[in-house]
Amino acid sequence: MTISFLYYILMLFALSSSNAGEMHSDPLKNMGSVQIYYFYDSRIPSSIGETMNGLTQDLLNKHYSDLMESKDIIFYQIDLASPVGQRVAQKCNITMTGLVLARHLKVINLTQNGYAYAKSEPLTFQQNLAFHINRLLPASKRP
């Protein structure tokens with residue numbers, strides 16, 4: 001499922017005006033990279049959210065570590081309970097734990113997929129995530 005262009009612009013604006021302590025780098029400077037945003041709320045533990053995060057990090061470490069090191073893929077963890085996370089959530093209309101991928105003007109929300117498969121079918125979740133990451137990567141950088 002793609003998210004509207006306006007939503008993406010709002011997300012980039014919100015992230016670009018955030019405190020650099022929570023972000024690894026400026027998303028506006030990395031629009032050519034595949035950006036993976038994991039939204040979570042530290043006030044409300046979510047076993048599904050923790051599973052989505054763990055499966056995502058596992059996939060990235062096993063199959064995309066070189067692309068992570070070269071910043072072709074950037075993984076952000078955004079706490080919705082922090083002041084920065086609250087601003088991002090408000091501007092981007094994010095209300096719960098979720099997973100979003102973006103590159104250039106293409107944005108893919110994998111939150112529903114995460115809730116559907118992370119616990120019951122983790123391999124399916126990772127295969128779907130890898131499929132979307134590979135679609136966003138330039139052909140020359142796909143594993």
Side-chain angles (χ1 to χ4, degrees), residues 1-42 45-89 91-143:
M1 169 186 320
T2 59
I3 299 174
S4 73
F5 176 75
L6 178 61
Y7 175 86
Y8 181 66
I9 295 301
L10 288 173
M11 183 168 60
L12 288 177
F13 175 74
L15 292 172
S16 69
S17 64
S18 67
N19 182 351
E22 185 162 343
M23 298 294 147
H24 300 307
S25 60
D26 182 357
L28 291 175
K29 292 182 181 177
N30 296 304
M31 288 183 65
S33 301
V34 173
Q35 299 171 56
I36 302 170
Y37 300 94
Y38 168 66
F39 293 95
Y40 69 98
D41 191 331
S42 62
S46 167
S47 62
I48 296 246
E50 291 173 15
T51 301
M52 277 194 294
N53 183 35
L55 290 170
T56 300
Q57 288 186 15
D58 180 59
L59 178 73
L60 293 174
N61 291 334
K62 286 182 180 175
H63 300 286
Y64 298 99
S65 58
D66 292 342
L67 294 172
M68 295 280 293
E69 287 177 25
S70 66
K71 303 288 187 215
D72 289 310
I73 296 176
I74 302 171
F75 182 63
Y76 297 101
Q77 295 178 324
I78 301 172
D79 185 358
L80 300 172
S82 72
V84 170
Q86 289 174 4
R87 285 195 304 270
V88 173
K91 290 179 181 179
C92 298
N93 200 23
I94 300 291
T95 59
M96 58 188 246
T97 298
L99 189 65
V100 175
L101 281 66
R103 181 168 181 261
H104 294 301
L105 300 178
K106 179 80 171 170
V107 179
I108 303 166
N109 187 339
L110 292 179
T111 300
Q112 287 181 339
N113 174 274
Y115 278 96
Y117 297 113
K119 282 280 192 189
S120 61
E121 299 178 49
L123 184 58
T124 301
F125 171 81
Q126 285 186 321
Q127 289 171 339
N128 190 47
L129 177 58
F131 171 79
H132 287 291
I133 290 171
N134 290 339
R135 277 187 44 209
L136 291 175
L137 283 169
S140 63
K141 298 198 178 191
R142 293 179 189 155

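What's counted below: heavy atoms across the whole structure, side chains too, no hydrogens, waters or symmetry copies. Worth saying up front: this structure is predicted, and the values here are computed from it rather than measured.
Applying the salt bridge (Lys or Arg N to Asp or Glu O under 4.0 Å) test to pairs two or more places apart or on separate chains, those with a residue in residues 46-60 are Asp58-Lys62.
Here the closest heavy-atom approach between residue Val107 and residue Ala102 is recorded as CG2-CB, 4.1 Å. The heavy-atom pair separating Thr111 from Gly98 by the smallest distance is OG1-CA, 3.2 Å. Residues Asp41 and Ala81 come closest through the heavy atom pair OD1-CB, 3.5 Å. Contact detail for Pro143 and Asn134: the closest heavy-atom pair is CD-OD1, 3.4 Å. Of all heavy-atom pairs between Thr97 and Ser46, the closest is OG1-CB, 4.1 Å. The minimum heavy-atom distance between Phe75 and Gln57, with the atom names listed, is CE2-NE2, 3.5 Å.
Judged as a side chain to side chain donor-acceptor pair (under 3.5 Å), and not counting sequence neighbours, the contacts of Thr124 are Glu121. Residues passing the ring pair (Phe, Tyr, Trp, His ring centres under 6.0 Å) test with Tyr38 are Tyr40, sequence neighbours excluded. Residues meeting the salt bridge (Lys or Arg N to Asp or Glu O under 4.0 Å) test with Lys119, sequence neighbours left out: none. For Ser140, the side-chain contact (heavy atoms from CB on, under 4.5 Å) criterion is met by Pro138, not counting sequence neighbours. Shown here are the side-chain contact (heavy atoms from CB on, under 4.5 Å) partners of Ala130, two or more places apart in sequence or in another chain: Leu59, Tyr64.
Here the NE2-CD distance, from His104 to Gln35, works out to 10.0 Å after rounding to the nearest 0.5 Å. Here CG of Leu101 is found 10.0 Å from OH of Tyr37. Values are rounded to the nearest 0.5 Å. Atoms CD1 and CG, on Ile133 and Asn128 in that order, are 10.0 Å from each other to the nearest 0.5 Å.
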Check: Can you list the steps and then say if Tyr117 with Gln126 is a side chain to side chain contact (heavy atoms under 4.5 Å, CB included)?
Finding: CA-CA 9 Å; Tyr117 297 113; Gln126 285 186 321; over 6 Å; no
Next item on the list: Could you go through the side chain to side chain contact (heavy atoms under 4.5 Å, CB included) check for Leu60 and Ile36 one step at a time?
Entry: CA-CA 10 Å; Leu60 293 174; Ile36 302 170; 3.8 Å; yes
Item checked: Candidate pair Asn113 and Leu129, rule side chain to side chain contact (heavy atoms under 4.5 Å, CB included), full reasoning -> CA-CA 9 Å; Asn113 174 274; Leu129 177 58; over 6 Å; no
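Residue Asp72 forms a salt bridge (Lys or Arg N to Asp or Glu O under 4.0 Å) with just one option from Lys141, Arg142, Arg103, and that option is Lys141.
Side-chain atoms of Lys106 and Arg135, non-hydrogen and from C-beta on, do get closer than 4.5 Å to each other. A heavy-atom distance below 4.5 Å is not found between the side chains of Ile73 and Leu136. By the 4.5 Å heavy-atom criterion applied to side chains, Leu99 and Thr56 are counted as neighbours. Within the 4.5 Å cutoff, the side chain of Phe125 has no heavy atoms near those of the Leu110 side chain.
Here the side chain of Ser33 pairs a donor or acceptor atom with the backbone of Lys71 at under 3.5 angstrom.
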